[in-house]
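These numbers come from the heavy atoms of this one structure, side chains and all, not from hydrogens, waters or symmetry mates. By convention here, the first residue in the shown sequence is residue 1.
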Amino acid sequence: MLIRYLRLSLTNMKQKPPLFHNEEQILIKGTELLEQFSTESCPWTEYQELLKAYQKLLKQTKILVRMSDKQQNQLTTLTKNLQSSNLELQQKAEEVVRTSEKKLAQFLEAIPVGVFVIENNGYPYYANKKALDILGKSLLKTVDFVNFPEVYQAYKAGTEELYPVQDQPIVQALQGKFVSVDDIEIRQGDKTIPIEVWGTPIFNECGEIIYAIAVFQDIRDRKQAEQEKARFIEKLAKLNQAYQRFVPNNFLDLLDKKSILEIQLGDQVEKEMIVLFSDIRDFTALSENMSPQDNFEFINAYLGQMEPIIHDHRGIIDKYIGDAIMALFPSQANDALNCSIAMLNQLKRYNILLRSKGLGSLQIGVGLNTGPLMLGTVGGQNRMEGTVIADAVNLASRIGELTKSYNTPLLITEYTYQNLTNPSQYKLRFIDKVTVKGKRKSVTIYEVFDADNSQVIELKLATMKEFDEGFKYFQDRQFEEAIQLFSQVLAVNPEDRVAMVYFEHCEKILKMTMPKTPRILIVDDQLNNLKALAFFLIKHQFQVFTSNNAQTVLKTVQEINPHLILLDVMMPGMDGFEFCQLLKRIPELCTIPVIFMSALTEMRDKIRAFGVGAVDYITKPFQQEEVLVRIKTHLNIRLLQQHQEIKESDLKINNLALKEQIQESIRESFLR
């Protein structure tokens, strides 16, 4: 037993504090001796030493026990002190918590947003005053989240639908989600309060959801501000659209400006562009029968037909000039030409509408030119506008006006023709080489007739050769040959208005130019005088026609269209006075000069002769040289009158050099 006890003591020694030094070895040695003693083989001296060591050990053990008791007492005292301190600290902590909770409650009550807390079972736990004010009810702790929308009258914004339970932010927070919405409306009687809500889950130290908090605020002011902002943005957008009507975005792009706010007076850039001018034919006459309001409505209706076509072909409308349109095409000549053809085709459809309303049809002229121009802003500090300035612009305007002269709707210059990617894809023909007003250099112009009806297009193509030859003769001042070719064109295609213009030019020029052998008609019943005078005039390079009867000569006059008529007064049947009166009533014959030849010498006869339209009166017998001089004089007078008429008539030769040559030919044709 003792041995077993000592062994147990030895085992426990290993767990004692380091109070002893070699006690463990002593006990081990003592144990061994005791075992030897039990076999009576142990020496006595060793036994005595072991006993002394053991006594010493026992004494130290007693000391240790006394020390342990003291430490135990100290530990007990320390424990009591700690318990007292813990109680005091717990009281202080509880006081701090109560103070913190009070401050937190004060804080939550003071903040300008609603705070609503529910427990993880779905029932309300807390709501601050702001939340109850917005909800319009007190905190109902017996109502779970399923009934929140109905109890607190929460609706989907802008509808009569209660807010879906599963979409409530506080419900989603119970599921561990952080969400926010602004589409909830709280309705209190006739008052609607839009709110924005944030849902937040609250976790414990184990990561479990113990609460869900909904923080929300009244956003009526914000909604109103957003509505005002939306109205302002809408107004600003409309204002920008209005600005774009006056200053197109394309115009800003060409000036390399992002906004109209960047535009400054004098901004400019040089570009090569195609310029389009278009206007309504005889609009002044049309507008005379309209009121000012009708005029505006008429113009706007027409321009409304043309504007989309220009935009669709990448054109920029630079300005409206009454009924006229000026447009720019920065990219390709094909865009401008295709646009012009589309405008003419649209006009056909629009005319059908006008006729269905009992209104007349419209005709327009379109001119195109290509060249460098300056695009920029002009004006003053308080009023400026975008425009283009260049000779190319002026030339395009003149070409647009020339469509009236040639009675054709679409003309282009050689500069536009040269910039077409494939001119052969269009129906066009060379029409003139002109020198426009204010310019000295001539420019070639082409008629484009793609917008004509198919039958007219075929006829123009079929008569292209005769038209070109006639034009060459016209330019060479060979008008008799030219008029024959234009007659051939019109015989095939009476609708060829350009050929008609040249035909009429030739006809008028020929009338104003004295031929080498002027045609003279002599009407006299005295055959001797008739033959003698005819022979004399033939010798002086006149082509003479004769008649001895005034009643039958009218048909002859219409056939030969003489340059001058020598008329006897006294003739059988119808006298000269009656014949002259009849002649002057016929428009195409009334301008033929008539010289009376008569043996009547009374003043009243002469006065009567001039009264019926005669230009001169020669008494018989007469000298042939006198008659020759008077014939030449009155032919020259008639040529002078016709020369003046060329300036006042609608004969418009646009090649100024050719016009000067024609005028010179007329002057040289006077008889000497």
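- The main-chain N or O of Phe145 is found under 3.5 Å from a side-chain atom of Gln168 such that the two form a donor-acceptor pair.
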Point to revise | Check against side chain to side chain contact (heavy atoms under 4.5 Å, CB included), Lys191 and Gln188 | key: CA-CA 5 Å; Lys191 181 169 65 174; Gln188 301 179 14; 3.7 Å; yes
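- The closest donor-acceptor contact from the side chain of Asn419 to the backbone of Tyr415 lies under 3.5 Å.
- The minimum heavy-atom distance between Ala131 and Phe216, with the atom names listed, is CB-CZ, 3.4 Å.
- We find the CG-CD distance between Leu344 and Gln363 to be 10.5 Å, quoted to the nearest 0.5 Å.
- In this structure, the side chains of Glu414 and Ile445 stay at 4.5 Å or more apart for every pair of heavy atoms.
- If you check the side chains of Asn147 and Asp144, you find a donor sitting under 3.5 Å from an acceptor.
- Environment of CD in Glu150: sparse, with no more than 12 heavy atoms of neighbouring residues, nucleotides or ligands closer than 6.0 Å.
- Here the CG atom belonging to Leu362 is positioned 5.5 Å from the CD1 atom belonging to Ile280, to the nearest 0.5 angstrom.
- What you find for Arg281 and Gly365 is that their closest heavy atoms are NH2-CA, 3.9 Å.
- A donor-acceptor pair under 3.5 Å is absent between the side-chain atoms of Arg355 and the main chain of Tyr350, judged by distance alone.
- Between the side chain of Lys141 and the main chain of Tyr123, no donor-acceptor pair closer than 3.5 Å is present.
- For the residue pair Arg220/Thr192, the side-chain donor-acceptor check at 3.5 Å is not satisfied.
- No side-chain donor-acceptor contact under 3.5 Å links Glu119 to the backbone of Ala212.
- Ring pair Tyr446/Tyr417 is parallel by interplanar angle, where below 30° counts as parallel and above 60° as perpendicular.
- Under a cut-off of 6.0 angstrom, the local environment of NZ in Lys348 is crowded, with over 12 non-hydrogen atoms contributed by other residues, nucleotides or ligands.
- Here the closest heavy-atom approach between residue Leu132 and residue Ala127 is recorded as CD2-CB, 3.8 Å.
- There is a side-chain donor-acceptor pair under 3.5 Å between Asn369 and Thr413.
- Distance check, rounded to the nearest 0.5 Å: CG of Asp279 to CD1 of Ile364 gives 8.5 Å.
- Under the side-chain contact (heavy atoms from CB on, under 4.5 Å) test applied with Leu328, the options Leu276, Val275, Ile274 reduce to a single match, Val275.
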Exercise for review: In sequence, state the C-alpha distance, the side-chain angles, and the governing distance for Val165 and Phe148, and then conclude on side chain to side chain contact (heavy atoms under 4.5 Å, CB included).
Suggested key: CA-CA 8 Å; Val165 174; Phe148 283 175; over 6 Å; no
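- At least one donor-acceptor pair closer than 3.5 Å links the side chain of Ser340 to the backbone N or O of Ala336.
- Between Ile299 and Gly322, the shortest heavy-atom contact is CG2-O, 3.7 Å.
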Check your understanding: Hey, mind stepping through Gln175 and Ile209 against side chain to side chain contact (heavy atoms under 4.5 Å, CB included) and telling me if it holds?
Key -> CA-CA 8 Å; Gln175 300 170 3; Ile209 296 175; over 6 Å; no
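- Closest approach of Arg314 to Asp335, counting heavy atoms only: NH2-OD1, 2.8 Å.
- Summarising the local packing, CD of Gln293 is surrounded by 12 or fewer heavy atoms from other residues, nucleotides or ligands at distances under 6.0 Å.
- Between Leu420 and Leu337, the closest side-chain pair of non-hydrogen atoms falls below 4.5 Å.
- The heavy-atom pair separating Met343 from Ser278 by the smallest distance is CE-OG, 3.9 Å.
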Practice item. Report the C-alpha separation of Ile325 and Tyr320 in whole Å, then their side-chain angles, then the decisive distance to 0.1 Å, and conclude whether the side chain to side chain contact (heavy atoms under 4.5 Å, CB included) test is met. Key: CA-CA 5 Å; Ile325 302 172; Tyr320 297 110; 4.1 Å; yes
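- Here Leu162 contributes atom CG and Glu185 contributes atom CD; the two are 12.0 Å apart, rounded to the nearest 0.5 Å.
- Phe178 CZ: more than 12 foreign heavy atoms inside a 6.0 Å radius.
- When side chains are defined from C-beta on, Ile321 counts as touching Lys319, because their heavy atoms get closer than 4.5 Å.
- Put simply, the side chain of Val181 does not reach to within 4.5 Å of the side chain of Trp198, judged on heavy atoms.
- The pair Arg222-Asp182 meets the salt-bridge criterion, with a side-chain N (NZ, NE, NH1 or NH2) lying under 4.0 Å from an Asp/Glu carboxylate O.
- Among Leu139, Ile213, Ile134, Asn128, the single residue meeting the side-chain contact (heavy atoms from CB on, under 4.5 Å) criterion with Phe116 is Leu139.
- Side-chain contact check for Val215 versus Val197: every heavy-atom pair is 4.5 Å or farther apart.
- Atom OH of residue Tyr426 and atom CG of residue Asn334 lie 4.0 Å apart, to the nearest 0.5 angstrom.
- Side-chain contact check for Pro169 versus Ile184: some heavy-atom pair is nearer than 4.5 Å.
- Here the side chains of Gln217 and Ile219 are in contact, with some heavy-atom distance below 4.5 Å.
- Taking the ring centre of Tyr155 as origin, the terminal cationic atom of Arg187 falls inside the region bounded by 6.0 Å and 45° from the ring axis.
- Annotation: side chain of Val366 is not in contact with side chain of Thr403 (no heavy-atom distance under 4.5 Å).
- In this structure, Asn338 CG and Asp312 CG are separated by 12.0 Å, a value rounded to the nearest 0.5 Å.
- A donor and an acceptor atom, one from each side chain of Ser291 and Asp294, are located under 3.5 Å apart.
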